[in-house]
Amino acid sequence: MRHAARSRRRQKPPALKPRKTYEGRMSEKTLAIPQDFILGAASSAWQTEGWSGKKPGQDSWLDLWYQNDRHVWHDGYGPAGATDLINRYEEDVALMKQAGLTHYRTSINWSRFFTDYEKGIVDEEYAAYYDRFLDAIRAAGVEPMICLEHYELPGYLFETYGGWSSKKVVELFVRYAEKVFERYHQKVSRWFTFNEPIVVQTRVYLDALRWPYEQNTATWMQWNHHKTLATAKVVRLFREKGYAGSVGAILNPEVTYPRSRAPHDVNAAERYDLFYNRVFLDPLVKGMYPPELVQLLEEHGVAWEYSEEELAIIRDNTVDELGINLYYPHRVKAPSRAWHPQTPFHPAYYYEPFELPGRRMNTSRGWEIYPRIIYDMAMRLKNEYGNIPWFVAESGMGVENEAQFRNADGVIEDDYRIGFIGEHLYQTLLAREAGANCQGYMLWAFTDNVSPMNAFKNRYGLVEIDLERQRARRAKKSLHWYRRLRESRTLTLTIDDEWK
């Protein structure tokens, strides 16, 4: 078995489709990494903590999904065990220090922070765990960045009020934020309301791909609006209380490219961008929804409730900064088929996916690899959104069956991840040199962790979580490389000049 494993390790990673290279096109590039530039990593509460110590009634929407639909999670793994961070955070913090992280972003699990969501009664046991965790992170010289909700909507609020369909949940979220700020404002200065606020309702209500599987575009838009309103109200609260620091949001806009420069393809890309990117970018940064989005929703009979007072709150309380999650480009073309008259409106009315011939692929995940998305997004934020402060909040490469790349010393030699990070960090630094107000780069993820449905199928971490050995931690080759980046503050890599 050992010889077989070594033989497999010599093979090129199947997750990467190699690029063709030609003599004279490859060159070595070195870029300085500014001293104030973030070199961090991210995770979330639900993907790491596990259910140890969780009390009855503290289920999140994700916990309910897992309980009701466990068979769709790869090998049955889910949030119940996760990486057992809640009992092993000291190990992970030691590894953060070893990796040389400047920052670590995670979330507080809203569903576990209270024992009574209506009255706002804090679960002191869980809150004390976070006191210890934050203290340990800070003691290791790593700055914590905290998100208030990373898909961890309490199941009680989902079942009682329909989740973010209800304005009641907006108010309860603001109360939750108030309690968290009161307790941790001296330990955390960079706060974020949501991670990827568009995702849950898109998967549940727009595409009906996740539990409880209901296609309802109006509900989708109502969730969008209430999360935007909640963000504005939390920003207002934070400023009224006079806390030091900032409040932002972590978005996942997909850099969208048309198949061609033809007007019908360009229009398809603009419509996709409107529904999936500008629906949050515009109100959070500019303080208003795109008028054309509101008009199209009205034309298609998509009803959602909002008031002039709510729009004024959104207008007057825009975010301080953005985190931007960037993994792959999105390519679209004009639709080639008529929309069925009995099918409810979906933004796909205006576009179809397009696969670029010859594209580089992470075949484990099924995603195109195109590092240029970071530079292009940076220029957009610079030119269209007032050059707001922002950072790459997630960027990473999930690979299946990573154990085949384990060397004789037991270390996973993930050179494919090192290459991926290097190319994407290169584009980030180029964007900063070009005037983008980009504060740094954060890898997804610090450790391998559970993902929705895929569970541990694709591994993303600098640190391996060995499920066959009681979730033992083991640094990968990429962790040591990341540490050297921090120490040298230089990035050197050989790149194809075509991808500058």
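We count residues from 1, following the sequence as given.
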(message) Tyr328: which residues meet the side-chain hydrogen bond (donor to acceptor under 3.5 Å, both in side chains) condition with it, sequence neighbours left out?
(response) Glu254
(request) Report the residues that fulfil salt bridge (Lys or Arg N to Asp or Glu O under 4.0 Å) with Glu182, sequence neighbours left out, ordered by chain and then residue number. (result) none
(request) Using side-chain contact (heavy atoms from CB on, under 4.5 Å) as the criterion, list what pairs up with Ala232, not counting sequence neighbours. (result) Ile313, Ile314, Asn317
(message) By the salt bridge (Lys or Arg N to Asp or Glu O under 4.0 Å) test, which pairs, at least two apart or in different chains, include something from residues 443-453?
(response) Asp448-Arg459, Asp448-Lys476
(message) Suppose we screen for side-chain contact (heavy atoms from CB on, under 4.5 Å). Which residues come up paired with Ala472, at least two apart in sequence or across chains?
(response) Asp466, Arg469
(request) Keeping to residues at least two apart or across chains, list the salt bridge (Lys or Arg N to Asp or Glu O under 4.0 Å) pairs with something in residues 213-232. (result) none
(request) Mind jotting down which residue pairs meet the side chain to side chain donor-acceptor pair (under 3.5 Å) criterion with at least one end in residues 73-82? Sequence neighbours excluded, please. (result) none
(request) Could you list all the salt bridge (Lys or Arg N to Asp or Glu O under 4.0 Å) pairs where at least one residue sits in residues 102-129, not counting sequence neighbours? (result) Lys55-Asp123, Lys55-Glu125, Arg105-Glu394, Glu118-Lys168, Glu124-Arg183
(request) Enumerate the residue pairs fulfilling salt bridge (Lys or Arg N to Asp or Glu O under 4.0 Å) with a member in residues 478-489, sequence neighbours excluded, ordered by first and then second residue. (result) Arg483-Glu487
(request) Could you tell me which residues satisfy side-chain contact (heavy atoms from CB on, under 4.5 Å) with Asn401, sequence neighbours excluded, listed by chain and number? (result) Gln404
(request) For Thr160, enumerate each residue passing the side-chain contact (heavy atoms from CB on, under 4.5 Å) test, keeping only those at least two apart in sequence or located in another chain. (result) Tyr156
Check residues 85-100 and write down every donor-acceptor pair under 3.5 Å in which the side-chain atom is one partner and the other belongs to a residue at least two apart or another chain.
unit_1	atom_1	unit_2	atom_2	d
Asn87	ND2	Ser52	OG	3.1
Asn87	ND2	Asp84	OD1	2.8
Arg88	NE	Glu91	OE2	2.8
Arg88	NH1	Gln470	O	2.6
Arg88	NH1	Arg471	O	3.3
Arg88	NH2	Glu91	OE1	3.4
Arg88	NH2	Glu91	OE2	3.3
Asp92	OD1	Arg473	NE	2.8
Asp92	OD2	Arg473	NH2	3.2

